Amino acid sequence: MTYDLTVLIAGGGVGGLALAQGLKKQGIHVRLFERQPEGSAAGYRLHMNGDGGTALEALLPPHLFELYLDTSRTDPEHERLVFLDNRLRFLGGRPHLGALVRHRRKDTAVNRSTLRQILLSGLDDVIERGEVVGFEEDASGVTVILADGRRERGDVLVGFDGVHSRVRAQRLPEAAVVDLGLNGIYGRTPLPPDLQRSIVPELLDGFVIVMGPRLLENGVLAMGAFTPRVPVAEAAEARGLFPDLAPVGPYMMLGAGVPESVWSEVGAEPADASPEQLKAALQVLVRGWHPQIVEMVDRATPGDLFLTQLRYVDAPESWTASRVTLAGDAIHGMPPTLGVGANLALRDAQVLAGALVSVRDGRAASVTDAIGDYEREMRSYAFPLLRRAITQEGSASGFTPRGMLRLMRMVGVRRLVRAARSRKNTVGRLVGTEQKRNHS
Ligand SMILES: Cc1cc2nc3c(=O)[nH]c(=O)nc-3n(C[C@H](O)[C@H](O)[C@H](O)COP(=O)(O)OP(=O)(O)OC[C@H]3O[C@@H](n4cnc5c(N)ncnc54)[C@H](O)[C@@H]3O)c2cc1C
């Protein structure tokens with residue numbers, strides 16, 4: 001026996017759209033409410049791992065999954081996290097976090113807005129403009145309440161509405177957004193073929209972290225190349241899809257941890273910095289570093305840079321399942337330092353879609369049983385990564401002995417120990433009781 005189900009989704013980010021695709025593919029009635037359907041996808045390159053890729057393969061129709069692979073980045077020579085010093089000498093490297101990519105063509109990174117356009121395809125009858133402001137739940141279903149006064153009924157409500165989730169505020173009011181009080185500059189710079197050929201090959205590996213000459217005292221610059229397999233707009237056209245899929249040229253994603261001294265020199269408070277001041281801060285950060293890094297920063301367009309604040313969701317360890325559930329950043333929002341948030345949101349979408357199919361097919365005892373199974377599984381894979389992201393545990397593992405020696409010579413043993421201690425203390429203090437807790 002099968003049951004008719006209507007699934008309501010709040011939020012059409014990477015996770016909500018993927019869930020809608022997966023449910024539609026399974027013939028389950030789904031309605032998605034997004035406050036900004038025209039898109040606000042801030043950000044550029046998304047590092048992908050096997051969790052995200054496997055989920056997309058399961059959730060998307062085959063032609064869209066192939067298009068996603070077509071528009072993913074070319075295979076790097078080594079797929080790993082690489083540490084370099086500021087003269088671009090190799091200090092070490094380690095595998096990325098998350099499951100390994102299994103596909104015939106590796107999907108190790110994708111352009112965020114391209115992925116969004118692919119995920120939107122075929123969902124015109126599913127997506128509705130609407131800001132979710134609350135819900136009412138009873139034994140037979142759930143009613144979602146929208147800012148314009150609409151009330152829409154379904155069997156399940158999924159809060160896929162990001163780190164400041166309205167659904168979470170009502171469903172788990174004890175969960176809070178914790179501001180780590182740290183920020184970074186995020187952006188991109190063009191990576192034309194001549195530059196790709198001339199830069200050291202390590203810069204084109206999976207993901208690169210360049211250490212400032214005095215390590216944390218002088219900041220770090222993370223970089224990730226995005227070089228699409230085929231020109232993005234042409235890939236879509238070749239499959240007879242998306243005549244208007246936006247073209248995307250190759251670029252290097254930049255993410256910088258900028259120390260206080262840099263902001264003082266630029267004469268700006270991070271939160272008030274203009275795009276030009278963000279670029280100036282990057283230029284001060286890399287002054288005296290290897291000329292290839294200086295050149296890449298110099299080529300960046302100020303309008304492509306923005307400030308990102310580090311925060312996370314402090315959710316309870318467990319809760320009783322109901323018809324209203326949470327997924328993605330709404331329940332495990334974390335700092336982007338591990339590059340796994342979107343992959344986890346996609347995995348949530350896959351696991352939750354499987355649970356809802358089991359309800360529809362009569363294999364689950366009840367809606368809340370199936371949702372409880374999803375929530376238990378989600379907590380088991382996502383919460384350990386969230387803890388890791390906020391404590392930075394193991395983030396520096398992977399240095400080779402020679403790299404460690406070089407680092408010690410570069411920084412001085414005493415300074416290295418001091419930097420490690422102060423970092424540990426900072427993080428320790430930040431994850432303690434002094435954090436700013438925003439209930440939202
Ligand atoms: C700088 C940066 C770099 C990152 N890099 C990576 C990376 O390389 N790899 C990776 O895996 N992750 C990365 N992440 C994390 C990743 O972006 C997030 O984890 C991911 O976007 C979460 O997806 P989501 O669908 O849960 O939420 P979101 O993408 O935040 O989507 C939420 C959606 O809900 C909508 N919404 C919000 N409130 C409402 C409401 N009340 N009603 C209706 N709609 C609403 C929003 O408009 C939005 O569209 C990065 C994050 C940042 C900030």
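Each ligand, and each atom within it, is numbered from 1 in the order the structure gives. Just so you know, these numbers come straight off a predicted model, no measurement behind them.
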query: Counting each atom of ligand 1 from 1 as listed, which ones have a heavy atom of Gly328 under 4.0 Å away?
result: 26 (O)
- prompt: Taking the six-membered ring of Phe226, is NZ or CZ of Arg188 closer than 6.0 Å to its centre and within 45° of its axis?
  reply: no
query: Is there a heavy atom in His164 that sits closer than 4.0 Å to ligand 1?
result: no
Contact atoms of ligand 1, heavy-atom distance to Asn343 under 4.0 Å: 10 (C), 11 (O)
- prompt: Gly162 heavy atoms, cut-off 4.0 Å: which ligand 1 atoms fall inside?
  reply: 27 (O), 30 (O), 32 (C)
Under-4.0 Å heavy-atom contact with ligand 1, by part of Val340 that carries it: backbone
Heavy-atom donor-acceptor pair, Arg360 side chain to Gln26 backbone, under 3.5 Å: yes
- prompt: In ligand 1, which numbered atoms sit nearer than 4.0 Å to a non-hydrogen atom of Gly15?
  reply: 25 (O)
- request: Report the distance from atom CD1 of Ile118 to atom CG of Asn111, rounding to the nearest 0.5 Å.
  value: 9.5 Å
field: Residue selection (non-hydrogen contact nearest atom 52 (C) of ligand 1) among Pro336, Gly13, Gly187
entry: Pro336
message: What I want to know is whether Val132 and ligand 1 share at least one N or O pair that is separated by under 3.5 angstrom.
response: yes
message: For the 3.5 Å polar cut-off, considering only N or O atoms, please tell me whether Ala330 and ligand 1 meet it.
response: no
task: Decide salt bridge (Lys or Arg N to Asp or Glu O under 4.0 Å) for Asp125 and Lys24; before the verdict, give the C-alpha distance in whole Å, the side-chain angles of both, and the deciding distance to 0.1 Å.
output: CA-CA 10 Å; Asp125 56 339; Lys24 187 171 178 183; 3.1 Å; yes
query: Between the side chains of Ser322 and Glu137, does any donor sit under 3.5 Å from an acceptor?
result: yes
- request: Could you tell me whether Asp75 and Arg229 make a salt bridge, using a distance below 4.0 angstrom between a side-chain N and a carboxylate O?
  value: yes
- prompt: Is the shortest distance from a Lys or Arg side-chain nitrogen in Arg299 or Asp304 to a carboxylate oxygen in the other one below 4.0 Å?
  reply: no
- prompt: About how many Å separate CG of Leu282 and CD1 of Ile185, when rounded to the nearest 0.5 Å?
  reply: 4.5 Å
Asp4 atom CG, neighbour heavy-atom count above 12 within 6.0 Å: no
- prompt: Can you list the ligand 1 atoms lying under 4.0 Å from a non-hydrogen atom of Gly130?
  reply: 42 (N), 43 (C)
query: Quick check: does Glu131 get an N/O under 3.5 Å from an N/O on ligand 1?
result: no
query: Going through the checks in order, is the salt bridge (Lys or Arg N to Asp or Glu O under 4.0 Å) test met by Glu66 and Arg105?
result: CA-CA 10 Å; Glu66 288 300 321; Arg105 291 183 292 162; 2.7 Å; yes
Sub-4.0 Å heavy-atom approach of Ala147 to ligand 1: no
task: Run the numbers for me: atoms of ligand 1, each under 4.0 Å from some heavy atom of Arg166, listed by number.
output: 41 (N)
message: Tell me whether Gly12 reaches ligand 1 (any heavy atom closer than 4.0 angstrom to a ligand atom).
response: yes
- prompt: Are any of the N or O atoms of Ala345 closer than 3.5 Å to those of ligand 1?
  reply: no
message: Judged on heavy-atom distance to atom 19 (O) of ligand 1, which of Val133, Val144, Asp329 sits nearest?
response: Asp329
- request: Select one of side chain, backbone, both or neither to describe which atoms of Arg112 lie under 4.0 Å from any atom of ligand 1, heavy atoms only.
  value: side chain
